2 protein chains.
Amino acid sequence: MSEKDDFDLRNFLPFLLNQAAEESSLAFQQIYKDRYGMLRTDWRVLFHLGIYGQMTAKEIGERARIHKTKISRAVQRLSDRRFLTRTRDETDRRSEHLMLTPAGEAAYRDLRAVAESYDSRLAAHFTTGEAALLRMMLRRLAGMER
Amino acid sequence: MSEKDDFDLRNFLPFLLNQAAEESSLAFQQIYKDRYGMLRTDWRVLFHLGIYGQMTAKEIGERARIHKTKISRAVQRLSDRRFLTRTRDETDRRSEHLMLTPAGEAAYRDLRAVAESYDSRLAAHFTTGEAALLRMMLRRLAGMER
DNA sequence: GGGTAATAGTTGATTTTGTAACTAACAAGC
DNA sequence: GCTTGTTAGTTACAAAATCAACTATTACCC
């Protein structure tokens, strides 16, 4: 298994980003899965509603770049568990407004606290300046600014 | 959809890392998928063998943190397409040594060139120093150093 | 050496995702 | 107002990921 070719996979950004993303999501994933039986899309939808209040499925999908079928299923699951309510828009009856129930709010607040402390723990690997630069670079790679 | 809560999802590292990873893998994924019909695990296995030469499934799994069932199926697909050969270790007949065929080598060299230019394009978002720092930080988050 | 545990890798059942086709509602042009 | 095209969201089916159980082989150890 000695080196045979000098391409460095460990520095290839798509690979490296995936490894870092996977590793750094693991412990958080464990929590929303164990504590609420949620999937990745579920907590993302929950957080969007917790942060921005009432939104439609479409708005969440655009903001988080999640496909509409994934959103549809996450909304279904969250609705089944009484974490959100769906109310049709009366002026455009195709879309519906999603809003957290008190139970949804509680789950959101709980997970938000976990997320905050978890994020700090990750950021503690770096100086404050480095962490800020890292976030900036990631936002740029994610196409979230420019 | 006005702000209701000041938690910033766009700065939450697990989310941000995932968005960046997904976005920055898209175009590369398109290429190995369209050109060779490969899945994510397939090109990873291919690259490991291209870079390090002969390896066992277990070694690849450890190095890339991929579950053995995923590796097993990727090896099966690559073997079906005659991109690699499998030879049993005669001193420990449980494991087998994987090695690229000439066709596998050719695919690897082709994709490696794509990967290199693709990586440069991504890194061009930053100064040389920033890019080096980014890779270092990602390796640290991925648990690939310390 | 015989029994028990560990290891490399595979297979099968279940869950989740991805893709395309669908329904229902609205919009635009004429 | 009727046809054609869009849009929001759902559903059906195929592809892929996950998890547990399995086979075959080697290691341990009494």
Side-chain angles (χ1 to χ4, degrees), chain A residues 1 18-19 21-23 25-26 29-30 32-34 36-46 48-49 54-81 84-99, chain B residues 1 18-19 21-23 25-26 29-30 32-34 36-46 48-49 54-81 84-99:
Chain A
M1 205 185 70
N18 257 294
Q19 298 288 112
E22 223 159 276
E23 181 66 28
S25 302
L26 255 176
Q29 177 176 45
Q30 216 46 54
Y32 61 71
K33 192 178 146 207
D34 290 354
Y36 299 100
M38 287 187 189
L39 302 179
R40 203 152 57 105
T41 309
D42 299 350
W43 80 260
R44 290 185 177 195
V45 167
L46 185 85
H48 275 79
L49 295 174
Q54 197 179 69
M55 289 179 89
T56 65
K58 177 171 203 275
E59 288 166 337
I60 298 175
E62 278 166 358
R63 208 171 254 265
R65 294 215 187 92
I66 304 176
H67 193 270
K68 59 182 182 174
T69 62
K70 263 173 146 181
I71 303 266
S72 172
R73 283 158 176 152
V75 166
Q76 188 58 56
R77 286 186 293 267
L78 291 170
S79 165
D80 287 350
R81 286 166 201 179
L84 59 77
T85 60
R86 338 168 71 159
T87 54
R88 286 229 106 68
D89 180 322
E90 281 308 325
T91 78
D92 182 347
R93 303 182 36 72
R94 285 171 304 183
S95 69
E96 52 187 15
H97 300 285
L98 308 171
M99 200 164 43
Chain B
M1 205 185 72
N18 258 294
Q19 298 287 113
E22 224 159 276
E23 180 66 28
S25 302
L26 254 175
Q29 178 177 43
Q30 216 46 54
Y32 62 70
K33 192 179 146 206
D34 290 354
Y36 299 100
M38 287 188 189
L39 302 179
R40 203 152 56 108
T41 310
D42 299 350
W43 82 258
R44 290 186 177 195
V45 168
L46 185 86
H48 274 80
L49 296 174
Q54 196 179 71
M55 290 179 88
T56 65
K58 176 172 203 276
E59 287 166 339
I60 298 175
E62 278 167 358
R63 208 171 254 266
R65 296 217 186 88
I66 304 176
H67 194 270
K68 60 182 182 174
T69 63
K70 265 174 149 180
I71 303 265
S72 172
R73 282 160 174 147
V75 166
Q76 189 57 57
R77 285 186 294 267
L78 291 170
S79 166
D80 288 349
R81 286 168 200 179
L84 60 78
T85 60
R86 338 169 70 159
T87 55
R88 285 230 104 69
D89 181 323
E90 282 309 326
T91 78
D92 182 346
R93 303 183 35 71
R94 285 171 303 182
S95 69
E96 53 188 13
H97 299 284
L98 308 171
M99 201 165 41

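Only a predicted model underlies this, so the values are computations on that prediction, with no experimental measurement involved. Naming: A, B, ... by sequence-line order, numbering from 1 per chain.
Side-chain contact between Ser79(A) and Arg86(A) is present, with heavy atoms from C-beta onward closer than 4.5 Å. Between Ile60(A) and Leu98(A), the closest side-chain pair of non-hydrogen atoms falls below 4.5 Å. Residues His97(B) and Thr56(B) meet the side-chain proximity criterion, which asks for heavy atoms closer than 4.5 Å. Side-chain contact between Arg40(B) and Asn18(A) is present, with heavy atoms from C-beta onward closer than 4.5 Å.
First and last contacts of DNA chain C with chain A, using any nucleotide atom under 4.0 Å from a protein heavy atom and ordered 5' to 3', fall at dT16(C) to dC26(C).
A distance of 7.5 Å separates CD1 of Ile66(A) from CD of Gln19(B), quoted to the nearest 0.5 Å. To the nearest 0.5 angstrom, Lys70(B) atom NZ is 13.0 Å from Ser72(B) atom OG.
Between the CD atom of Gln30(A) and the C1' atom of dT18(D) there is a distance of 13 Å, rounded to whole Å. If you take CG of Asp89(A) and P of dA8(D), they are 12 Å apart, rounded to a whole angstrom. The CZ-C1' distance, from Arg88(A) to dT7(D), rounds to 13 Å in whole Å. Atoms CD1 (Ile71(B)) and P (dA17(D)) sit 12 Å apart, rounded to a whole Å. In this structure, NZ of Lys68(B) is placed 14 Å from P of dT23(D), rounded to the nearest angstrom.
The phosphate of dA16(D) has neither OP1 nor OP2 within less than 4.0 Å of any side-chain N or O from Lys70(B). Contact between the side-chain N/O atoms of Arg86(A) and the OP1/OP2 oxygens of dT10(D) is found at a separation under 4.0 Å.
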Distances for protein N/O vs nucleotides 11-15 of chain D N/O pairs under 3.5 angstrom?
| from | atom 1 | to | atom 2 | distance (Å) |
| --- | --- | --- | --- | --- |
| dA12(D) | N6 | Arg73(A) | NH2 | 2.6 |

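Residue whose closest nucleotide on DNA chain C sits further toward the 5' end, between Arg77(A) and Arg93(A): Arg77(A). Residue whose closest nucleotide on DNA chain C sits further toward the 5' end, between Lys33(B) and Lys58(B): Lys58(B).
No hydrogens or angles were tested; on distance alone, a donor-acceptor pair under 3.5 Å links the side chain of Arg94(A) to the base of dT7(D).
Of the charged side-chain nitrogens involved, at least one lies within less than 4.0 Å of a carboxylate oxygen, so that Arg93(A) and Glu90(A) count as a salt-bridged pair.
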Please test Met99(A) against Leu49(A) for side-chain contact (heavy atoms from CB on, under 4.5 Å), starting from the C-alpha separation and ending with a verdict. CA-CA 6 Å; Met99(A) 200 164 43; Leu49(A) 295 174; over 6 Å; no
Show the numbers, then the answer: is there a side-chain contact (heavy atoms from CB on, under 4.5 Å) between Arg63(B) and His48(B)? CA-CA 9 Å; Arg63(B) 208 171 254 266; His48(B) 274 80; 3.7 Å; yes
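Using a 4.0 Å heavy-atom distance criterion, Thr41(B) is classed as making no nucleic acid contact.
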